[in-house]
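Notes follow once the structure below has been shown.
Atoms considered below: every heavy atom in the structure, side chains included; atoms not considered: hydrogens, waters and symmetry mates. Naming: A, B, ... by sequence-line order, numbering from 1 per chain.
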Amino acid sequence: METKEMIKINQLNKSFGDLHVLKNIDMTVYESDVVCLIGSSGSGKSTLLRCLNFLERKDNGQIIIEGKEVNPRTDDLNKIREKVGMVFQNFNLFPHKTVLENIIEAPIRVKGVEKEQAIMKAKQLLSKVGLEDKSDVYPSKLSGGQKQRVAIARALAMEPDIMLFDEPTSALDPELVGEVLTTMKALAEEGMTMVVVTHEMGFAKEVADWIVYMHDGKIIERGTPEQFFNNPKEERTREFLNATMLK
Amino acid sequence: MPSFSHFFSTLMETKGVFLEAMLLTLELTVVSILLGIVIGLIFALLKISNIKVLELISDIYVYLVRGTPLIVQIFILYFGISGIFLLPDFWAASLALAFHNGAYISEILRGAIQSVDKGQFEAGRSLGMTKALTLRRIILPQAFRRALPPLGNQFIISLKDSSLAAFISMNELFNVATTLGSNNFDEMTYLLIVAVYYLLLVALMTFVVNRTELKLAISDR
Ligand SMILES: Nc1ncnc2c1ncn2[C@@H]1O[C@H](COP(=O)(O)OP(=O)(O)OP(=O)(O)O)[C@@H](O)[C@H]1O
Ligand SMILES: [Mg+2]
């Protein structure tokens with residue numbers, strides 16, 4: 001059986017003014033794969049991720065989502081974003097809405113789901129991320145880890161086929177990182193296709209199917225965690241790993 | 001200065017006329033604020049539209065309003081509009097005041113909208129919400145909350161500015177006070193009385209704004 005290509009990128013380029021941030025990126029993500037994107041600060045990881053749900057416009061190259069090349073000028077990007085969930089470093093929960101309202105907003109307004117049904121689904125998702133008792137609370141009353149789990153539930157409520165995570169644990173106190181990673185791991189085990197920008201090497205080693213290492217706007221190396229961590233091919237990767245592991 | 005007993009007895013004697021005038025002042029103020037919010041929101045959105053022409057239109061509007069005295073605007077709109085459309089005086093005055101308020105409100109709202117974290121917009125978009133939906137459901141509610149204190153301030157200014165409608169013969173508070181004052185050769189007493197009414201209205205308005213703020217603050221971060 002052929003595995004489905006969920007994301008395929010061909011020769012993607014992106015600049016901000018004179019700054020060439022993504023240089024001829026090629027990448028394929030298959031169904032149920034977990035890809036961890038790692039690399040030093042400024043290497044273009046976030047930009048790549050944001051190109052995948054079109055928060056950032058590519059300059060040129062192809063982005064193919066679930067077999068269909070997306071043309072940002074003519075395609076309905078909102079429809080594509082429904083299929084590609086995103087979790088941000090700073091959670092970006094809606095502060096004026098309760099946890100429940102955060103989760104049901106898009107299903108109701110975008111997909112036209114009935115309110116009762118949206119609430120039921122939201123409650124299921126909340127219990128999945130271990131926050132069933134927080135549905136009527138405002139985000140300001142939650143810890144960072146709880147906020148991020150709500151953000152994950154909010155993205156899942158749209159029933160996406162792909163989930164993007166941009167450093168989901170970087171804004172968290174160390175003792176709260178675990179609960180979010182556990183939630184993500186459970187999601188991965190259910191077969192969600194995930195692209196995760198992270199500095200959590202432990203998570204990458206344990207959960208990722210593929211590691212992609214970026215440096216200076218280019219993909220330098222990719223491989224299974226096994227290959228990547230134990231047997232990196234590139235000198236650059238070795239330097240990066242040495243520097244990261246020492247920390 | 002009038003004696004206190006004279007002031008007080010005049011206050012009581014004229015309360016009927018003044019209450020009626022106060023009602024008109026209140027009507028002028030409320031209409032000009034509500035219309036001003038609509039106008040202000042439209043021009044705030046033009047300003048943040050990222051479309052040069054629309055930004056320019058918004059800039060010109062704000063410049064014209066801020067750059068000329070309110071009384072001049074009122075006269076221009078009063079004689080201009082009424083000359084063309086035969087607008088009732090109340091609406092000429094309300095429109096002039098709303099047009100004026102709108103510029104200040106648009107600046108307040110623009111600032112508040114831009115102060116909402118960009119991540120909020122991106123979160124909305126990443127969930128498949130359109131720009132308009134994200135603006136309406138996510139950005140504007142937060143922006144209004146932040147805008148409330150400066151808006152409250154602007155509302156108080158509008159209330160006091162409505163006294164200029166006296167110059168196009170609206171029988172609002174200030175007009176009634178000056179008319180009665182000069183008819184009775186007793187300007188000071190009536191000016192003091194009208195000051196009391198304005199202070200009352202401002203207190204009322206402050207109360208309402210504070211209450212709203214408090215209510216909305218419950219969910220704030
Ligand atoms: N909107 C923007 N305008 C201009 N430059 C930008 C913009 N966004 C990112 N950049 C620049 O592009 C480069 C890559 O940024 P990006 O955020 O993708 O890096 P990153 O790998 O995610 O880094 P970090 O680990 O710090 O998050 C950086 O030099 C950054 O300053
Ligand atoms: Mg980043």
Q.
Can you tell me which portion of Asn53(A) sits under 4.5 Å from chain B's heavy atoms? Options are side chain, backbone, both or neither.
A. side chain

**Q.** Residue pairs, two or more places apart or on separate chains, that pass ring pair (Phe, Tyr, Trp, His ring centres under 6.0 Å) and touch residues 125-146 of chain B
**A.** none

Q.
Looking at Glu105(A) and Arg154(A), is any side-chain nitrogen of the basic one under 4.0 Å from a carboxylate oxygen of the acidic one?
A. no

Q | From CA spacing to verdict: salt bridge (charged side-chain N to carboxylate O under 4.0 Å, His left out), Glu159(A), Lys111(A) | A | CA-CA 10 Å; Glu159(A) 304 185 316; Lys111(A) 283 180 128 183; 3.5 Å; yes

Side-chain donor-acceptor pairs under 3.5 Å in residues 127-137 of chain A, sequence neighbours left out?
| from | atom 1 | to | atom 2 | distance (Å) |
| --- | --- | --- | --- | --- |
| Ser127(A) | OG | Gln124(A) | O | 2.9 |
| Lys128(A) | NZ | Glu190(A) | OE1 | 2.9 |
| Lys128(A) | NZ | Glu190(A) | OE2 | 3.3 |

Q) With side chains defined as the heavy atoms from C-beta onward, is the minimum distance between Tyr30(A) and Thr193(A) less than 4.5 Å? A) no

Q) Checking Phe88(A) against chain B: side chain, backbone, both or neither under 4.5 Å from a heavy atom? A) side chain

(Q) Which residues in residues 67-83 of chain A have any heavy atom closer than 4.5 Å to a heavy atom of chain B? (A) Asn78(A), Arg81(A), Glu82(A)

Can you give each donor-acceptor pair under 3.5 Å made by side-chain atoms of residues 42-49 of chain B, sequence neighbours left out, with the distance rounded to 0.1 Å?
| from | atom 1 | to | atom 2 | distance (Å) |
| --- | --- | --- | --- | --- |
| Lys47(B) | NZ | Asp59(B) | OD1 | 2.7 |
| Lys47(B) | NZ | Asp59(B) | OD2 | 3.3 |
| Ser49(B) | OG | Leu46(B) | O | 2.7 |
| Ser49(B) | OG | Ile51(B) | N | 3.2 |

Q: Classify the ring geometry between Tyr197(B) and Phe18(B) as parallel (under 30°), tilted (30 to 60°) or perpendicular (over 60°).
A: parallel

Q. Tell me, side chain or backbone of Ile138(B) under 4.5 Å from chain A's heavy atoms, or both, or neither?
A. both

(Q) Looking at chain A, which one of Met129(B), Arg125(B), Lys131(B) has the largest number of heavy-atom pairs inside 4.5 Å, strictly under? (A) Arg125(B)

Q: Answer yes or no: is there an ion pair linking Arg50(A) with Glu56(A), defined by an N-O contact shorter than 4.0 Å?
A: yes

